[in-house]
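Since the structure is predicted, the reported quantities are computational estimates derived from the model, not experimental observations. As the structure lists them, so they are numbered: ligands from 1, and atoms in each ligand from 1.
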Amino acid sequence: MSRIESLIAAMTLAEKLGQLTMATSDSAVTGAVMSTNLGAGIVAGTIGNVLNLYGAEKVGAVQQLAMEKSRLKIPLLTCLDVIHGHRTLFPIPLGEASLFDPILWEATAREAAKEAAADGIHLTFAPMLDVARDPRWGRIAEGPGEDPFVGQVMAQAKVKGFQGSDLSQADCLAACAKHYCAYGAVTAGREYATTEVSRRSLREIYLPPFEAAVAAGVATIMPAFTDVAGVPLTANRALLKDYLRHKLGFDSVLVSDYNAIAELIHHGVASDLVEAAALALKAGVDIDMIANAYRDGLPGALERGLVTMAEIDTAVKRVLRLKEQLGLFDDPYRRGGTESGPALMARRKLARDVATRSIVLLKNENATLPLGNGRLAVIGPLADAPGEMRGCWPSAGRAEDSVSVLAGLKTALPGQDIRYAPGVDIESTDESRIAEAVSLCDGADTILLCLGESIGMSGEAGSRAHPGLPGKQRALAEAVLAGAVGKRVVAILFSGRPLIVPELSERVDAMLAAWAPGSEAGNAVADILTGRASPSGRTPVSWPRAVGQIPVFFGQRPTGRPADPKDHYTSKYLDIPNEPLFPFGHGLTYGAFDYANLSVTPDKARENDSFTISVTVINHGAREASETVFLFVHDMVASITRPLLELKGFDRITLKPGDSGIVRFTLPARNLRFPGADLEPLFEPGEIEILVGPSADRARLLPANVRLV
Ligand code: GLC
């Protein structure tokens, strides 16, 4: 009999349900605070998993309770949201997505895993893989942006980074792909709201990143709080059991979101905790995160015949198997310890490099950037706000360990004349200090406006109906612009979303999206502003001109009346253009790149063939810079309408001034399949447009036509 089988044979019902229960250490919560007497539950065997507890000593102490005081001595699983770093913070995922670099996406997850494992963590609730096209939704900050292909590549990289090559190793974490699925489609961008997505949209947009995570061997998956067309994910047998487990073959642990099982009652699909627990278990959810629904509801569900003991045992087996894979039975104290100084230094350097590459130069009129040697006025509430640089899931990252913009500039420009005034707070309506800030402009050659959101204004429960500059920041910007006539004005936006700021964008000389760059924020911003590094970030979301455009994204399906400015009765607005302010993939550099000689061979392909695509990229600018090249396709005529652009690849090339290079892609014809009428992958002969270029702006793409036969 295996260890797991003998344990299950020995377990009481309460102990089995304990393995399906996750309690919080009461330190940090993201929902209704639940009272748990953690120590007593661990000793009694009625709590087998813990979240929000970290620190080698603290974790060691509760692990000791399980291993020395409980009857069956089953090791605890400890979990934490290590989303973009643990003590060393990297940019938020939306900022990291701007790198379009899976190697670095994996590297930051690897480093975060080392740091969190040293703090005794076994599992991270990451990567968050929710494709999102609505900047009103605060959690757009946590994910890969608007495109499912980016989500797939990020899923693979993050799972590999967190889990390493052997999950039982002391520096590896179990990853958790979340929030399965379509959470990013919440109605009106309102947090936790219902979603209405078609089965086709699920297959084409929201499921692919999770399919990639399963293919990469992700250890756990978390269903979303939300529903899909009236069926909450936490009780969604079709999507959890039928699709995830039976069709994709995912046979590891499903962990509910925070109190989500109990919230099935609010959803209106369960009348009490017994029914809620039964629905979740039968849908395939193994661990109940802090609702105590399994502990308090499943005994009654057994009595009422709503569930069977076999179903409970199946869930317990998955949890125990995960603990075995993590090596917890072999050594429950394996994770936890101190890291060397050089390791920490190397991690900070990685954080700086990644933060520098996450910054997107949206506008740079008259080569305003990089800065010259003139006097600087640094104005705005995000200029000296190290805590706000951390991002929406700061885990153990401390404000005092983060570098502010002001500090970074002072380090990079020693002895330079740098004046600073906040002008306003991030959200307050107090305008009394604007005049003082404006007065700094007189003695300055360049004004840096550091504007944007606090970390609490994005991420979970961070929906905003007016996702622009909060508080009185717009008034500050307008006053500075009015007072800075003849001066260069550079706006740096810190946010968890594309901020809708057309009025600012039109008037400043340069504008950067810095997102939330993490612990090394100030040094990264200084690297870009001083030209120590050339900006290379590319926005992973289309940047709306107005809330009225939402959702605006490049993968729109065609319409029967495509926009035509000469024809009133076509798909357009009366008051603004259809196009976003900045397209997906937009990002300027300090180089100047052109594309030529697009070559695609062969010109026709069968399903098992591949296309070889190459393009010449030339840097005719004055500085070395890196260019991200995107590969799109458009299936022009198909049995189901196909998006006007579909992303199928991206790569990066670095070129010195005057140099040129060739970027190559191999595109298997199989990758041009799409869900047919039955939603199964369909390879359909026909003409395909291949498009290569710097962003989803069609006018800048080189096209070539090929055929599938
Ligand atoms: C939260 C979030 C989820 C997180 C979990 C644990 O409510 O929805 O992303 O992993 O609770 O903190």
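No side-chain N or O of Ser358 forms a donor-acceptor pair with one of Trp515 less than 3.5 Å apart. Between the side chains of His86 and Asp119, at least one donor-acceptor pair of N or O atoms lies under 3.5 Å. For the 3.5 Å distance criterion, the side chains of Thr194 and Asp227 qualify, holding a donor opposite an acceptor.
Neither the backbone nor the side chain of Met128 comes within contact range of ligand 1; no heavy atom lies under 4.0 Å. If you look at Arg139 next to ligand 1, the close heavy atoms, those under 4.0 Å, all belong to the side chain.
At least one N or O atom of Glu460 sits closer than 3.5 Å to an N or O atom of ligand 1. In terms of polar-atom proximity, defined here as any N/O pair under 3.5 Å, Lys178 does make such a contact with ligand 1. Residue-to-ligand polar distances keep Trp393 apart from ligand 1: every N/O pair is separated by 3.5 Å or more. Backbone and side-chain nitrogen or oxygen atoms of Tyr183 are examined, and none is located within less than 3.5 angstrom of a nitrogen or oxygen of ligand 1.
Short contacts between ligand 1 and His179, defined as distances under 4.0 Å to a heavy atom of the residue, involve ligand atoms 3 (C), 8 (O), 9 (O). Numbered from 1 in the order shown, with element, the atoms of ligand 1 that lie under 4.0 Å from a heavy atom of Met222 read 10 (O).
Note on residues 106-148: pairs passing ring-ring contact (aromatic ring centres under 6.0 Å, His included), not counting sequence neighbours, are Trp137-Tyr183.
Checking side-chain atoms of Asp288 against main-chain N and O of Leu20 turns up no donor-acceptor pair under 3.5 Å.
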Using the side-chain hydrogen bond (donor to acceptor under 3.5 Å, both in side chains) rule, take Glu460 and Tyr192 through it: C-alpha gap first, then chi angles, then the decisive distance, then the call. CA-CA 9 Å; Glu460 185 171 1; Tyr192 311 126; 2.5 Å; yes
